S.K.: 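Sharing a structure here in structure tokens format.
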Number of protein chains: 4
Amino acid sequence: MAKKPVTKPRKIAVQERSRATVGSLIEATARILVKEGFDKASTNRVAEVAGVSIGSLYQYFPSKEALVAAVIERHQQQIMQMVRSELAQVRAQPLDQAIRRFVAVAVAAHRLDPQLHRVLAEQIPRVGRLEKLETFSRENFSLFRAYLETARDELAVDDLELASFVCVTTIEALTHNAVLHHGKVLTGDRMDALIDEGARLVTGYLKG
Amino acid sequence: MAKKPVTKPRKIAVQERSRATVGSLIEATARILVKEGFDKASTNRVAEVAGVSIGSLYQYFPSKEALVAAVIERHQQQIMQMVRSELAQVRAQPLDQAIRRFVAVAVAAHRLDPQLHRVLAEQIPRVGRLEKLETFSRENFSLFRAYLETARDELAVDDLELASFVCVTTIEALTHNAVLHHGKVLTGDRMDALIDEGARLVTGYLKG
Amino acid sequence: MAKKPVTKPRKIAVQERSRATVGSLIEATARILVKEGFDKASTNRVAEVAGVSIGSLYQYFPSKEALVAAVIERHQQQIMQMVRSELAQVRAQPLDQAIRRFVAVAVAAHRLDPQLHRVLAEQIPRVGRLEKLETFSRENFSLFRAYLETARDELAVDDLELASFVCVTTIEALTHNAVLHHGKVLTGDRMDALIDEGARLVTGYLKG
Amino acid sequence: MAKKPVTKPRKIAVQERSRATVGSLIEATARILVKEGFDKASTNRVAEVAGVSIGSLYQYFPSKEALVAAVIERHQQQIMQMVRSELAQVRAQPLDQAIRRFVAVAVAAHRLDPQLHRVLAEQIPRVGRLEKLETFSRENFSLFRAYLETARDELAVDDLELASFVCVTTIEALTHNAVLHHGKVLTGDRMDALIDEGARLVTGYLKG
DNA sequence: CATGAATGAGTTTTCATTCAT
DNA sequence: AATGAATGAAAACTCATTCAT
């Protein structure tokens, strides 16, 4: 396996001007990833698209990895922000509604920026950045599991850990595939149908 | 420099020696992918590990893409061979047993060469090779769907297309995550438990 | 990019604060040279270690060359100061004692800052700065030669120019090698022994 | 201090053609070092001057360091070859003649390629290549010491180790300075005079 | 057919220096 | 004066691919 790439920002941008530079670099990286793929996202190209010199790029990002890491970070931040706010009142709800909400949130999350999501999911070499992804899905996992605790009475399953793994994996996969591989044909009604199916699948499983 | 990837094998190795050469090249590629990752799998390195000159490599594979494609092809061939043979009598079975078998087969498929599977799934840039993967899962999809047709009486779902999508996606995701991310702790009993859970999840969904 | 190295300090630091800044820049350069080598002594790094902005660095030193030149200058100033004071009364002394003193002074000079001395001697590209080094050893040469003039009666050599060259070169090489390559094992007694040997070598040569 | 650069040749040239390539690369490096200095000896420039592609350069030399190391190696090989053959019969000779020969050989060695010698001595960062230089001067040291053993009767010194250090250092420094810093004015007669002086210096020291 | 020497465009990265604030 | 953001030429090095032998 490859050594450990350095992904920590080299220097934190404090001034107005530099924050703009950092922003445009991340934005440019995301755009290139989506439009041309990981391989084309060379540091020179990123700098060019960002309208910034290659030197400036390296002032803030010690490597190409760091750049991609920042894109991932930003994307996940956005997702988790949505997830957290959407799930705020979920613990008060009965199982059926709660699960449907979980599924709907998952779909919404994938719709934030489906193309970017796809590139990040499929094309990025998983090297030295696993922790970040793990952290991310662990939060999802925790949120779900925490809900299950509160709804224990309605459940027909004992092992909440196992059940959470099954449910989170299932919801993630269904929405991921649906949005990314069938997103163009799955609009409106059919999407609702899919959410229903997913919710029914998971609810059925939990209720036994 | 790489331009448009050509993935058709340049010539079919008819003679004895040629076939051995091709085999060792594919094998070497697979080994390097697993042990050192996609980035380290340069054509020169592959040739070296295969004990073959770089010139000979290009005699049989017109590009690096072709080499990787051959590895994917071989891996999928192995998987589908297993899947087909395992599912031979499934159409005669009742739903419960059949689904359990589907899940078990999925697990077995992932266990054929989990590390290679993981690399192929995670690290290989999806460029111009999507058809192959699509073909692959389409066959799985078809097999499953075909079974559902035969078991229509037992089902509580109408839309077999949608149901197949849901089930195949779910089974694939569960087994994939289980084997690749938790493979080391999921041995014996716990693996059986997971197969049971998966089967129950899907069966419940189909039976309503 | 660097073009023609300018080595004159850009402005003389008259004010209090300026002088401190200049001092810390030279100090930082010396520290980096010793601890990390010439290659790591980038201007940005020097400024950082000195706790000064890169802009300020260029306020006082027009180029990297000028910075290194200042370090050399300071080091040589220190050495020559010691040499001059140590050799003040040497002209009054008989040959044996005088030569021993010359050798001892050479050792002392190398011991002032052996590590810096070594870096300056070995790693600094000799570009456009030869004059300075020449000036330096020329002063040593002159001091030695001046002494020989005063001690002509005791000498068995005619050509004082040649003799000075031989002696200064020898003393310098012996002490340099002794301190830099064997400095750790050459402590106390053994160092005295070496001084004796050197003195005997040179004295014997001069006396014939 | 810098990490350890890799200086081992990457691949040994076996065929006729490749040996020529390697040769021209080393030659080009040496030429550039002499004519333009270490800083200008970039790998691209070396390849260009050698009339070879940058790719070929890296087939045989893993780094710039390796290239310089090869130049050093070649130069030292030439020197040691001369030294060894010149000193073949020295052990049979009396002290006076032997020492004169040692000095003469040192001068001759420095005259093999004085400009290259100078660059290698002065400009090359001493990193990770010390062993090679050590090995080299250790051989000189050993040869000298071995001679002293055979001539013990004539010596007024006890510590042959120390004496060898003093003599080898002295001879090296004298000839080095003479040839490199005064080589242009030191021709013919004056050079002979210097050899005489050096020999007298050392002989006097050894005889007491 | 096999070999492996050669190619060179392209990539990552550094660092001395400038200049707007 | 001081700051530090920005610059970009240039350096080291890789690797898919070609081609002479």
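The shown structure was predicted, so the numbers you read here are calculated from the model rather than taken from an experiment. When reading the values below, keep in mind they use all heavy atoms of this one structure, side chains included, and skip hydrogens, waters and symmetry mates. Letters A, B, ... are given to chains in the order of the sequence lines, protein chains preceding strands, and every chain is numbered from 1.
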S.K.: When you check the phosphate oxygens OP1 and OP2 of F:dA2, does a side-chain N or O of C:Q59 lie under 4.0 Å from one of them?
M.R.: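 Checking F:dA2 against C:Q59, a side-chain N or O does come within under 4.0 Å of OP1 or OP2.
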
S.K.: For B:G55 and B:R45, find the nucleotide of DNA chain F closest to each by heavy atoms; which residue's nucleotide sits nearer the 5' end?
M.R.: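 Its nucleotide being nearer the 5' end, the pick is B:R45.
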
S.K.: What is the distance, rounded to the nearest whole Å, between atom CZ of D:R19 and atom P of E:dA6?
M.R.: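 Roughly 12 Å, once rounded to whole Å.
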
S.K.: Can you tell me the distance, in whole Å, between the CZ atom of B:F38 and the C1' atom of F:dA16?
M.R.: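 Rounded to the whole Å, the gap is 12 Å.
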
S.K.: Report the residue (D:G51 or A:I54) whose heavy-atom-nearest nucleotide on DNA chain E is the more 5′ of the two.
M.R.: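 Here D:G51 is the residue nearer the 5' end.
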
S.K.: Are D:E73 and D:Q78 side-chain neighbours, meaning at least one heavy-atom pair lies under 4.5 Å?
M.R.: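 They are not in side-chain contact.
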
S.K.: Going by atom types alone, do A:S53 and A:S56 pair a side-chain donor with an acceptor below 3.5 Å?
M.R.: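 There is such a pair between these side chains.
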
S.K.: Does B:S56 make a side-chain N or O approach to OP1 or OP2 of E:dT3 shorter than 4.0 Å?
M.R.: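 Looking at the OP1 and OP2 atoms of E:dT3, one of them is under 4.0 Å from a side-chain N or O of B:S56.
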
S.K.: I want to check one thing: is the phosphate of E:dA6, taken as OP1 and OP2, less than 4.0 Å away from some side-chain N or O of D:T21?
M.R.: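 So the side chain of D:T21 is within the cut-off, an N or O lying under 4.0 Å from OP1 or OP2 of E:dA6.
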
S.K.: Between atom CD in A:E65 and atom P in E:dT11, what is the gap in whole Å?
M.R.: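 Interatomic distance, CD of A:E65 to P of E:dT11: 16 Å.
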
S.K.: So, does B:Y58 get its side chain near the phosphate of F:dT17, meaning an N or O under 4.0 Å from OP1 or OP2?
M.R.: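 Result: yes.
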
S.K.: Give D:S42 one of three labels, base, sugar-phosphate or nothing, depending on what nucleic acid heavy atoms sit under 4.0 Å from its own.
M.R.: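 Counting heavy atoms under 4.0 Å across all strands, the contact made by D:S42 is with sugar-phosphate only.
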
S.K.: Quick one: do the A:T21 and A:Y60 side chains pair a donor with an acceptor below 3.5 Å?
M.R.: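 Looking only at side-chain atoms, A:Y60 and A:T21 do not form any donor-acceptor pair under 3.5 Å.
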
S.K.: Quick one: on DNA chain F, does A:S53 or D:T43 contact a more 5' nucleotide (nearest heavy atom)?
M.R.: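 The residue mapped nearer the 5' terminus is A:S53.
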
S.K.: Less than 4.5 Å apart, side chain to side chain, heavy atoms only: is that true for C:Q77 and C:R74?
M.R.: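 A side-chain contact under 4.5 Å is absent here.
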
S.K.: Any side-chain heavy atom of B:L33 sitting closer than 4.5 Å to one from B:L120?
M.R.: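 Contact flag for B:L33/B:L120 side chains = yes.
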
S.K.: Do C:L67 and C:V71 have side-chain heavy atoms sitting under 4.5 Å apart?
M.R.: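 Side chain of C:L67 against side chain of C:V71, heavy atoms only: no contact under 4.5 Å found.
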
S.K.: Check B:E36 with B:R31, please: is the shortest side-chain N to carboxylate O separation under 4.0 Å?
M.R.: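 B:E36 and B:R31: not salt-bridged.
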
S.K.: Just the rounded figure in Å: distance from P of E:dT18 to CG of C:L57.
M.R.: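 C:L57 atom CG is separated from E:dT18 atom P by 12 Å.
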
S.K.: D:V46 and D:L57: which non-hydrogen atoms are nearest, and at how many Å?
M.R.: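 Minimum heavy-atom contact is CG1-CD1, 4.0 Å.
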
S.K.: Please confirm whether the shortest side-chain N or O distance from A:Y60 to OP1 or OP2 of F:dA5 is below 4.0 Å.
M.R.: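 Yes, because at least one side-chain N or O of A:Y60 sits under 4.0 Å from OP1 or OP2 of F:dA5.
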
S.K.: Please, what dot-bracket string fits DNA chain E when only Watson-Crick and G-U pairs with both distances under 3.5 Å count, crossing ones use [ ] and pairs to another strand use |?
M.R.: .||||||||||||||||||||

S.K.: Distance check needed: F:dT14 C1' versus B:K64 NZ, whole Å only.
M.R.: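 Nearest whole value for this atom pair: 11 Å.
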
S.K.: For D:N44 and E:dA9, give me the distance from atom CG to atom P, rounded to whole Å.
M.R.: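 That distance rounds to 12 Å.
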
S.K.: Quick one, D:T43 and D:F61 - any side-chain contact, counting heavy atoms below 4.5 Å?
M.R.: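 A side-chain contact is absent here, since even the closest heavy-atom pair is not under 4.5 Å.
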
S.K.: Please give me every residue in residues 25-32 of chain C whose heavy atoms get under 4.0 Å of an atom in DNA chain F, ordered by residue number.
M.R.: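 Contacting residues: none.
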
S.K.: Which whole-number value in Å describes the distance from D:D39 CG to F:dA10 P?
M.R.: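 D:D39 atom CG is separated from F:dA10 atom P by 14 Å.
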
S.K.: Identify whether NZ of Lys or CZ of Arg in C:K64 sits under 6.0 Å from the centre of the six-membered ring of C:F38 and within 45° of that ring's axis.
M.R.: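 Because its charged atom sits under 6.0 Å from the ring centre and within 45° of the axis, C:K64 does stack over C:F38.
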
S.K.: Could you state the atom-to-atom distance from CZ of A:F61 to C1' of E:dT13 in whole Å?
M.R.: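 Taking CZ of A:F61 and C1' of E:dT13, I get 16 Å after rounding.
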
